[in-house]
Amino acid sequence: MTEQFPIYLHNTLGRRVEEFQPQNPDEVLVYTCGPTVYSYQHIGNFRAFLFADTLRRVLEYNGYRVRHVRNITDVGHLTNETLGTGVDKMEAAARRENLTPREIADHFTEIFHRDQALLNILEPTAEPRATEYIPQMISLTERLIGRGYGYCVKGDVYYDVDKFPSYGMLSGNTVEDLIAGARVEVGEGKRSPADFALWKAAAPDKLMRYESPWGMGVPGWHLECSAMALDLLGETLDIHTGGEDHVFPHHEDEIAQSEGATGKRFARYWLHNAFLQLSGAEKMSKSVGNILTVGDLAERGIHPLSYRYFTYQAHYRTPQNFTWEALEAAQTALYRIYDQVADLLQSSEPAGLTESGAAVRNAFREAINNDLALPEAVAVLNTMLSNSTLPPEDKLSLLDDFDRVLALDLLAVGRGLIVAGPAEREILDRRAQARAERDWALSDELRSKLAAGGLDVKDTAQGQRWTRSDVLPRVQAPQTGAGH
RNA sequence: GGCGACGUGGCCAAGUGGUUAAGGCGGGGGUCUGCAAAACCCCUAUCGUCGGUUCGAUUCCGACCGUCGCCUCCA
């Protein structure tokens, strides 16, 4: 167990799979771009957080300690369309609900935490809020100005992209192409159209604004992650994760800011997940309103962990198609696994591994260490379960072991499925007796009675086996197409 | 216009330059069982289109078509 196995990860920087080597052999420093809490996190957002969580679990499975920082963005950032009004999304939500931005943030942060727990996503080591990092963001901006990377124009501070020659290294963009691109607006007073804001002046009617050396304003769009990462993880991270939409400009700008300030490499491995797609439809987006939350899934009878399992069916770097049919199929598959665990637990307990069990474990580890090949890892699990030559003790040990990464509560749910109360036990005994006497009528009657109480009984060569039918949610609505 | 990704069976999808193209769901057949359930077994694909490289490509290259992401807050 002390033996180290190589882990391979796809680095967006360079766009290829590399062997992962942490700076410090004991502890891995990971930063994940967290949620913006002006609304619900939808299941597409959660694909990213599940990916980051799985990465962390894979690292821990391999014996690393992980220091994991994931921010909460509770500062609304202005967009082009809202620039004129001075009302960002946080503020818009606050005004709509007649609450303060802080109350909005707290509300949706709470829901996020609840959903995260339902999905078995581990809490990060630290979860800083942007509003608590204003001083650090201001000092980072000052530092950048001091080193010649930032310049102030009428209360705004911009990053001078021309001063950072490797700008574009992550996304493959070049400053020339960006300037030539139709969508880059020339901001007032910007030296280059590609420059981005570190600090924006804010009008007095803005609910959230902060004092700074450049007047009242708000931090720039990408500053918080740099400030938090530098503060909580140091100048160089091992791994930075996020959705692929963040590659440009968010992460490109984080690199420019952080490396401009420190002169050191900001992150050694950049990992990005592809999007969940609503087959054919546009992406799930809060502004479009076509979102699905963990709560929406629950209403439909989908267990949160079924969604977690669903995400394992596609590799994190491949766009995954969302359909209700596929999600329900995933739930069926997961429930069958739970049922098999329940059966196994009625005849044995996890124990040490035989040689063939160890071989299966190695196959699993090889899969997860190969750039988080969860589809393959799940295939290993399924093949293992149907392997009739593998001892049940091995199967249970392996399920327990795999679950450190899969986080599907395999054994816990299995144990919950075989709980039978005293009254049920008594009926089971009577039924066993009836069966011994070949009294099929009574046997069937008692089986119906148990089923009505939520206990499904079946008869095997080893005697009765049962699973509860009333502990896992069942799909409610009839199948329809994707989306709402 | 620039940058990037994806297109594999009814559905979700993995994967490889050449023995039988994972796994799951669904469908069909079977074994087992007093019945039932579960489980297990078998069947259900030539990999978007057109070219090229190669002894050989689904896997490499090019073009095209389609879908998606980013270039504006966004997983």
Side-chain angles (χ1 to χ4, degrees), chain A residues 12 15 32-36 38-39 41-52 73 76-83 88-90 168 171-174 176-185 194 221 241-250 252 272-277 279-288 309-310 312-315 317-334 336-337 339-340 342-343 367 373-383 385-386 388 435 438 440-441 443-444 447-448 451 456-461 465-467:
Chain A
T12 306
R15 295 186 192 280
T32 295
C33 285
T36 305
Y38 69 88
S39 179
Q41 296 305 300
H42 53 68
I43 59 174
N45 299 128
F46 274 113
R47 184 183 190 198
F49 301 132
L50 283 166
F51 152 63
T73 299
H77 295 299
L78 293 170
T79 64
N80 274 352
E81 55 194 78
T82 57
L83 213 62
D88 59 57
K89 288 178 178 177
M90 281 300 305
S171 60
N173 286 311
T174 63
E176 295 72 46
D177 288 341
L178 287 167
I179 292 171
R183 296 181 68 178
V184 174
E185 308 274 329
W221 308 328
T241 81
E244 64 179 349
D245 57 328
H246 278 327
V247 174
F248 189 88
H250 188 55
E252 197 74 75
H272 295 98
N273 65 281
F275 271 61
L276 183 73
Q277 292 180 189
S279 47
E282 56 195 317
K283 72 170 179 174
M284 234 179 247
S285 145
K286 285 173 223 169
S287 43
V288 176
Y309 182 81
F310 169 80
Y312 293 155
Q313 293 186 313
H315 186 88
R317 280 191 288 113
T318 305
Q320 184 172 18
N321 239 0
F322 176 87
T323 64
W324 284 107
E325 186 189 1
L327 181 60
E328 288 167 7
Q331 172 148 300
T332 301
L334 177 61
R336 281 193 186 153
I337 295 171
D339 280 345
Q340 293 193 61
D343 281 357
L374 269 295
E376 190 186 333
V378 169
V380 168
L381 186 153
N382 280 312
T383 307
L385 278 177
S386 58
S388 58
R435 294 186 61 73
R438 303 183 68 82
W440 308 129
S443 169
D444 291 354
R447 182 169 63 196
S448 307
D456 288 339
V457 188
K458 58 199 178 192
D459 302 297
T460 73
R465 293 283 183 268
W466 56 88
T467 50

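Letters A, B, ... are given to chains in the order of the sequence lines, protein chains preceding strands, and every chain is numbered from 1. It should be emphasised that the depicted structure is a prediction, and the values quoted were computed from it without experimental measurement.
Nearest to the side-chain atoms of Ala314(A) among the listed nucleotides rA13(B), rA36(B), rC11(B) stands rA13(B). Looking at the side chain of Phe275(A), the nearest of the listed nucleotides rC70(B), rA75(B), rG4(B) is rA75(B). Across rC12(B), rA22(B), rC35(B), the shortest atom-to-atom separation from the side chain of Ala326(A) is found for rC12(B). Checking rA36(B), rC11(B), rC3(B) against the side-chain heavy atoms of Asp459(A) singles out rA36(B) as nearest. Here the side chain of Gln41(A) is nearest to one of rA75(B), rC40(B), rG2(B), namely rA75(B). Counting only heavy atoms from C-beta on, Pro375(A) has its side chain closest to rA14(B) among rA14(B), rG34(B), rC12(B). Candidate nucleotides rC12(B), rG23(B), rG34(B) were compared by shortest atom distance to the side chain of Trp440(A), and rG34(B) ranks first. Among the nucleotides rU67(B), rC12(B), rC71(B), the one closest to the side chain of Gln277(A) is rU67(B).
In this model, the phosphate group of rC40(B) is not approached by any side-chain N or O of Arg336(A) to a distance below 4.0 Å at OP1 or OP2. For Asn45(A), a side-chain nitrogen or oxygen approaches OP1 or OP2 of rA75(B) to under 4.0 Å. Residue Thr318(A) has a polar side-chain atom (N or O) positioned under 4.0 Å from OP1 or OP2 of rA14(B). Taking only side-chain nitrogens and oxygens, Asn173(A) never comes nearer than 4.0 Å to OP1 or OP2 of rC71(B). Considering only side-chain N and O atoms, Thr12(A) lies nowhere under 4.0 angstrom from the phosphate OP1 or OP2 of rG4(B).
Ser443(A) comes within contact range of at least one nucleobase, with a heavy-atom separation under 4.0 Å. Across all strands, Asp444(A) comes closer than 4.0 Å to base atoms (heavy-atom distances). Among the protein residues, His272(A) comes within range of no part of the nucleic acid, since none of its heavy atoms lies under 4.0 Å from any strand. Arg435(A) comes within 4.0 angstrom of a nucleotide base, judged by non-hydrogen atoms across all strands. Among the heavy atoms of the strands lying under 4.0 Å from Gln320(A) are primed sugar atoms or P, OP1, OP2 only; no base atom is included. As judged by a 4.0 angstrom heavy-atom cut-off over every strand, Asn273(A) is placed among the base-contacting residues. Base engagement by Ala379(A) is indicated by at least one non-hydrogen atom pair under 4.0 Å involving a base atom. Heavy atoms of His250(A) sit nowhere under 4.0 angstrom from any nucleic acid atom.
A salt bridge is defined here as a Lys NZ or Arg NE, NH1 or NH2 lying under 4.0 Å from an Asp or Glu carboxylate O, and Arg336(A) with Asp339(A) fails to meet this definition.
Remark: side-chain polar atoms of Glu252(A) are paired, donor with acceptor, to backbone N or O of Gly168(A) under 3.5 angstrom. In this structure, Arg47(A) contributes its side chain and Ala274(A) its backbone to a donor-acceptor pair below 3.5 Å. Of the possible donor and acceptor atoms, one in the side chain of Asn45(A) sits under 3.5 Å from a partner among the backbone N and O of His42(A).
For Leu276(A) and rC12(B), the CG to P distance is 12 Å, given to the nearest whole Å. Going from atom NZ of Lys458(A) over to atom P of rC35(B) covers 17 Å, rounded to whole Å. Summarising the geometry, the separation between CG on Leu385(A) and P on rA22(B) is reported as 19 Å, rounded to the nearest angstrom. Between the P atom of rC12(B) and the CG atom of Asn382(A) lies a distance of 18 Å, rounded to the nearest Å. Taking atom CH2 of residue Trp324(A) and atom C1' of nucleotide rC11(B), one finds them 16 Å apart after rounding to whole Å. Remark: C1' of rG24(B) and CD of Glu325(A) are 12 Å apart, rounded to the nearest angstrom. Nucleotide rA14(B) holds its P atom 14 Å from the OH atom of Tyr309(A), rounded to whole Å. Put simply, NE2 on His315(A) is 13 Å from C1' on rA13(B), counting in whole angstrom units.
The side-chain contact (heavy atoms from CB on, under 4.5 Å) test with Phe310(A) singles out one residue from Glu328(A), Gln320(A), Gln331(A), and that residue is Gln320(A).
Across the strands present, rG1(B) finds its partner in rC71(B); the criterion is a Watson-Crick or G-U wobble pair with both atom distances under 3.5 angstrom. Partner assigned to rC11(B) is rG24(B), using Watson-Crick or G-U wobble distances below 3.5 angstrom. With a 3.5 Å ceiling on both atom-pair distances, rU46(B) lacks any Watson-Crick or G-U wobble partner. Applying the Watson-Crick and G-U wobble criteria (two distances, each under 3.5 Å), rC55(B) pairs with rG18(B).
Of the two residues near RNA chain B, Thr383(A) and Phe49(A), the one whose nearest nucleotide lies more 5' is Thr383(A). Between Ala333(A) and Ala48(A), the residue whose closest nucleotide on RNA chain B is further toward the 5' end is Ala333(A).
Taking CD1 of Ile43(A) as the start and CG of Leu50(A) as the end, the distance is 10.5 Å to the nearest 0.5 Å.
Between the C1' atoms of rU46(B) and rU19(B), the separation comes to 16 Å (whole Å). Annotation: rC12(B) and rC3(B) have their P atoms spaced 30 Å apart (nearest Å). If you take atom C1' in rC70(B) and the same atom in rC64(B), they sit 23 Å apart, rounded to whole Å. Separating the C1' atom of rC11(B) from that of rG26(B) is a span of 7 Å, rounded to the nearest Å. Taking atom C1' on both rG52(B) and rA13(B), the two are 30 Å apart, rounded to the nearest angstrom. For rA21(B) and rU53(B), the C1' atoms lie 23 Å apart once the distance is rounded to whole Å. Spacing between rC6(B) and rU59(B) at atom C1', rounded to whole Å, works out to 15 Å. When the C1' atom is used for both rG18(B) and rA39(B), the distance is 37 Å, rounded to whole Å.
Residue Ser171(A) comes nearest to Arg15(A) through the heavy atom pair O-NH2, 3.5 Å, listed as atom of the first residue, atom of the second, then distance. Counting all heavy atoms, side chain and backbone alike, Lys458(A) lies closest to Asp343(A) at NZ-OD2, 2.9 Å.
Ring pair His250(A)/His246(A) is tilted by interplanar angle, where 30° to 60° counts as tilted.
Evaluation of atom-type donor-acceptor distances gives a pair under 3.5 Å for the side chain of Arg447(A) against the base of rC35(B).
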